[in-house]
J.: 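Dumping the structure here so I can ask a few things about it.
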2 protein chains.
Amino acid sequence: MTPNTLNSESLAQKLAHSGLRNTPQREVVYTALLTKRDHPTADEVHARVRADLPTISLATVYNCLETLVQCDLVRAVNFERGPTRYCPNLAPHAHFHDEATGATFDIDLPTGLISKIKDVLPPGYDADAIDIIFRGKTTATR
Amino acid sequence: MTPNTLNSESLAQKLAHSGLRNTPQREVVYTALLTKRDHPTADEVHARVRADLPTISLATVYNCLETLVQCDLVRAVNFERGPTRYCPNLAPHAHFHDEATGATFDIDLPTGLISKIKDVLPPGYDADAIDIIFRGKTTATR
DNA sequence: GACTAGAGTTAGAATAATTCCAAACTCCAC
DNA sequence: GTGGAGTTTGGAATTATTCTAACTCTAGTC
Ligand SMILES: [Mn+2]
Ligand SMILES: [Mn+2]
Ligand SMILES: [Zn+2]
Ligand SMILES: [Zn+2]
């Protein structure tokens with residue numbers, strides 16, 4: 001079983017679970033996100049998937065990305081004005097945005113920290129998700 | 001010394017510090033943010049300040065907000081696609097976004113927690129700001 | 001007190017990202 | 001094979017923001 005097969009299966013499964021079909025467009029979009037995990041925009045995804053599916057439209061890329069987000073296969077990320085970015089990393093993680101280069105990196109979060117952060121919420125606030133964005137510069141070892 | 005005078009002074013000071021003038025437009029925009037701290041959009045600010053300055057344009061509201069952000073009197077907040085929101089709370093704080101109502105609340109952050117969060121950054125990542133957004137529902141006591 | 005250069009404001013045009021729409025297409029289940 | 005839901009597509013529409021060029025104000029300078 002290749003990683004690719006595995007991805008296809010998990011994609012097909014999750015789509016089926018939501019009563020949706022597995023289409024070539026949805027596959028190439030999802031594969032593009034898994035292949036280069038640099039938090040691309042819809043436009044960037046469009047450019048990449050055209051290599052595989054030259055006739056795919058930008059509207060379809062938006063549709064597929066939205067579908068993947070609905071199926072919890074992909075996270076939509078917004079940390080500044082500008083195009084939404086997409087991330088296939090399902091593990092709880094924060095994002096580091098390098099202001100100099102514009103690059104975005106995943107930062108793993110220890111599970112303990114998340115509950116510690118939730119502790120700052122006063123009673124009456126019930127969070128089901130936390131987004132953490134670091135902004136700064138990266139140096140040397142990357 | 002009224003709070004209003006105090007605000008005007010700190011505004012005038014910070015503007016002067018950046019070599020900028022204190023204009024009626026900048027004052028009403030800043031005052032609007034301080035008066036109702038509900039993280040309004042530029043459009044909402046525009047609607048509010050028109051009561052004081054009926055001829056102010058939306059472009060000017062955008063200009064003033066940008067100026068206030070540059071002067072570190074106001075934070076621009078983006079946690080989802082949609083208009084940028086503005087926050088005059090200068091203390092380190094997180095945001096709680098109520099998905100049901102769309103309302104955004106400030107959540108104070110103990111200083112210790114911030115450095116604890118920064119500890120998760122691997123070497124080579126140097127963050128000069130952290131944004132934390134909670135998403136969920138608020139109940140009862142608000 | 002008028003003069004001027006630069007800073008600030010304004011309305012409207014332009015841009016960028018996304019969503020909407022209606023038509024064409026695909027895939028099964030019957 | 002047909003019908004119908006689900007999907008894709010190109011282009012129009014929408015939304016938020018930025019740009020532009022003209023106008024206005026203000027702080028010095030004479
Ligand atoms: Mn950036
Ligand atoms: Mn919302
Ligand atoms: Zn990510
Ligand atoms: Zn705030």
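A note on names: the letters A, B, ... follow the listed sequences, proteins ahead of strands, and every chain is numbered from 1. All values derive from a computational prediction rather than experimental measurement.
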J.: Between L53(B) (CG) and dT24(D) (C1'), how many Å, whole number?
T.: 14 Å
J.: Give a yes or no on whether the ring-centroid distance for Y125(A) and F105(B) is below 6.0 angstrom.
T.: yes
J.: Using the rule that two of Ile, Leu, Val, Met, Phe, Trp, Tyr join whenever any of their side-chain heavy atoms come within less than 4.5 Å, decide whether L109(B) and I133(B) are in one cluster.
T.: no
J.: Can you tell me the distance, in whole Å, between the CG atom of L20(B) and the P atom of dT9(C)?
T.: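 Taking atom P of dT9(C) as the reference, CG of L20(B) is at 10 Å.
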J.: Under 4.0 Å between a side-chain N or O of T23(A) and OP1 or OP2 of dT26(C)?
T.: no
J.: Any side-chain N or O of R26(A) below 4.0 angstrom from OP1/OP2 of dT7(D)?
T.: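 It does, given that an N or O in the side chain of R26(A) lies less than 4.0 Å from OP1 or OP2 of dT7(D).
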J.: Output yes when K36(A) and E44(A) qualify as a salt bridge under the 4.0 Å nitrogen-oxygen rule, no when they do not.
T.: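 Between E44(A) and K36(A) there is no salt bridge, as every charged N stays at least 4.0 Å from the carboxylate O atoms.
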J.: Specify the separation, in whole Å, of atom NE2 of H46(A) and atom P of dT18(C).
T.: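 That distance rounds to 14 Å.
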J.: For R21(B) and dT24(D), what is the distance between atoms CZ and P respectively, to the nearest whole Å?
T.: 16 Å
J.: Could you check, using the six-membered ring where one of them is a Trp, whether H93(A) and H95(A) have ring centers closer than 6.0 angstrom?
T.: yes
J.: Rounding to a whole Å, what distance do you find between E44(A):CD and dT18(C):C1'?
T.: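 In whole Å, dT18(C) C1' and E44(A) CD are 15 Å from each other.
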J.: Is the phosphate of dT9(D) approached by T60(A) (side-chain N or O, under 4.0 Å from OP1 or OP2)?
T.: yes
J.: Would you kindly give the CD-to-P distance between Q70(B) and dA7(C), to the nearest whole Å?
T.: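 One finds 16 Å between P of dA7(C) and CD of Q70(B), rounded.
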J.: Take the protein atom CG of N63(A) and the nucleotide atom C1' of dA5(D), then report the distance between them rounded to whole Å.
T.: 16 Å
J.: Considering residues, nucleotides and ligands other than K116(A), do more than 12 of their heavy atoms fall under 6.0 Å from its NZ?
T.: no
J.: Which letter, B, S or -, goes with each nucleotide of nucleotides 10-22 of chain D from 5' to 3', with contact meaning a protein heavy atom under 4.0 Å?
T.: B-----SBBB---
J.: Does the pair R135(B)/D131(A) count as a salt bridge with the N-to-O cut at 4.0 Å?
T.: yes
J.: Find the distance F79(A):CZ to dA17(C):P and express it as a whole number of Å.
T.: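 Atom CZ in F79(A) sits about 14 Å away from atom P in dA17(C).
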J.: Quick one: is Q25(B) getting a side-chain N or O under 4.0 Å of the dC25(D) phosphate, OP1 or OP2?
T.: no
J.: Strictly below 4.0 Å, N to O, side chains only: are D43(B) and R48(B) in salt-bridge contact?
T.: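 Here D43(B) does not pair with R48(B) in a salt bridge, since their nearest N and O are not under 4.0 Å apart.
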